Amino acid sequence: MAKIWSIGVFCGSASGVSPAYAANARKAGEAIARKGARLVYGGGDVGLMAASAMAALDAGGPVLGVIPEFMISREGLLEKAETRIVTTMSSRKNILIAESDGFLILPGGVGTLEEIFDVLSRNRLGLQKKPVAFLNVDGFWDPLFKLMRKTEDEGFTPQGFSEGVLVESDPEKAVRHLMDALNRGEGEFVSSEKVNF
């Protein structure tokens with residue numbers, strides 16, 4: 001029996017200004033479900049989180065949400081999704097990372113940034129080898145990539161920090177590349193798919 005891969009989706013608990021953010025979040029959730037993967041997310045019923053999770057559920061895919069108890073009054077819960085209720089934000093993030101085989105990064109705020117850097121740091125330190133794809137809707141993540149290049153240029157981040165990271169503007173392509181990397185068992189993208197920050 002083939003393994004069911006889990007894709008962690010890190011994104012905002014708000015929908016953002018542009019309608020393109022939610023539209024792409026829905027497409028991403030649907031694409032994950034169509035590939036037969038489980039979507040793992042922050043457990044809420046708001047923003048891009050809910051858009052991606054609901055799309056996966058509507059497409060018949062499994063969804064795992066992880067949320068701290070104190071956040072339920074702010075973010076709600078998706079009734080149809082499997083949900084784990086935890087006590088702290090740190091335990092939420094650790095479970096999200098542990099339960100995911102790869103990660104799809106959608107637009108988001110400071111919480112999303114924290115998750116991004118935790119995952120990238122774990123990969124860089126060799127604590128895990130899990131592929132990461134940024135869904136760069138309308139160039140949303142370009143300033144982050146510029147900052148990361150700056151940290152490399154100034155000697156604070158080792159050259160090649162972008163190993164295992166894909167930047168894609170199309171959610172279906174991003175999900176396909178993630179699944180291809182996981183099915184190869186390499187935990188990273190082939191060289192032609194990598195995009196340097």
Side-chain angles (χ1 to χ4, degrees), residues 5-35 37-59 61 63-66 75 78 81 93 96-97 100-120 123 130-151 161-182 188-190 192-197:
W5 298 109
S6 293
I7 304 297
V9 176
F10 294 155
C11 59
S13 59
S15 295
V17 174
S18 172
Y21 300 145
N24 278 274
R26 288 190 293 271
K27 289 178 185 176
E30 184 179 350
I32 290 169
R34 283 202 324 267
K35 286 289 186 180
R38 179 179 68 161
L39 186 148
V40 179
Y41 85 114
D45 188 17
V46 292
L48 301 187
M49 289 196 306
S52 62
M54 280 301 303
L57 288 166
D58 289 345
V63 171
L64 170 64
V66 183
E75 296 183 352
L78 289 180
K93 182 178 61 173
L96 291 173
I97 293 172
S100 301
D101 300 299
F103 303 93
L104 182 61
I105 314 297
L106 280 61
V110 293
T112 304
L113 289 168
E114 179 191 6
E115 293 162 341
I116 290 168
F117 285 116
D118 196 329
V119 166
L120 293 178
N123 279 357
K130 298 182 178 183
V132 178
F134 283 84
L135 185 56
N136 197 24
V137 180
D138 295 335
F140 181 88
W141 291 115
D142 289 349
L144 175 64
F145 304 148
K146 183 176 180 181
L147 174 62
M148 292 313 304
R149 281 193 297 271
K150 179 70 171 175
T151 69
F161 182 75
S162 59
E163 282 293 305
V165 175
L166 174 78
V167 180
E168 181 59 72
S169 60
D170 179 87
E172 293 186 3
K173 288 181 182 177
V175 171
R176 186 175 72 244
H177 288 310
L178 277 170
M179 295 300 294
D180 288 347
L182 292 170
E188 62 181 27
F189 303 103
V190 297
S192 63
E193 295 170 354
K194 292 177 183 174
V195 179
N196 290 328
F197 290 153

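Quick caveat, the model's predicted, so the values are computed rather than measured.
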>> Give me each pair satisfying salt bridge (Lys or Arg N to Asp or Glu O under 4.0 Å) with a member in residues 38-57, each pair once, sequence neighbours excluded.
In response: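 Found Arg38-Glu99.
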
Using a 4.5 Å cut-off on heavy atoms from C-beta on, say whether the side chain of [Y] contacts that of [X].
X	Y	answer
Phe145	Val167	yes
Asn24	Leu106	no
Ile97	Phe10	yes
Leu166	Pro131	no

>> Rounded at 0.5 Å granularity, tell me how far NZ in Lys130 sits from CD1 in Ile7.
In response: 10.5 Å

> So how far is it from Leu113 CG to Leu144 CG, rounded to the nearest 0.5 Å?
Replying inline: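 Rounded to the nearest 0.5 Å, the CG-CG separation comes out at 6.5 Å.
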
> Which is it for Val137 and Ser18 under the side chain to side chain contact (heavy atoms under 4.5 Å, CB included) test, yes or no, and what are the steps along the way?
Replying inline: CA-CA 10 Å; Val137 180; Ser18 172; 5.8 Å; no

>> For Trp5, give me all partners under ring pair (Phe, Tyr, Trp, His ring centres under 6.0 Å), at least two apart in sequence or on another chain.
In response: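 Checked Trp5 against ring pair (Phe, Tyr, Trp, His ring centres under 6.0 Å); zero matches.
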
> Who pairs with Tyr41 by ring pair (Phe, Tyr, Trp, His ring centres under 6.0 Å), at least two apart in sequence or on another chain?
Replying inline: none

> Hey, mind stepping through Glu168 and Val175 against side chain to side chain contact (heavy atoms under 4.5 Å, CB included) and telling me if it holds?
Replying inline: CA-CA 9 Å; Glu168 181 59 72; Val175 171; over 6 Å; no

>> Closer than 3.5 angstrom, by distance alone: can the side chain of Ser169 be matched with the main-chain N or O of Asn136 as a donor-acceptor pair?
In response: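 Between the backbone of Asn136 and the side chain of Ser169 there is no qualifying donor-acceptor contact (under 3.5 Å).
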
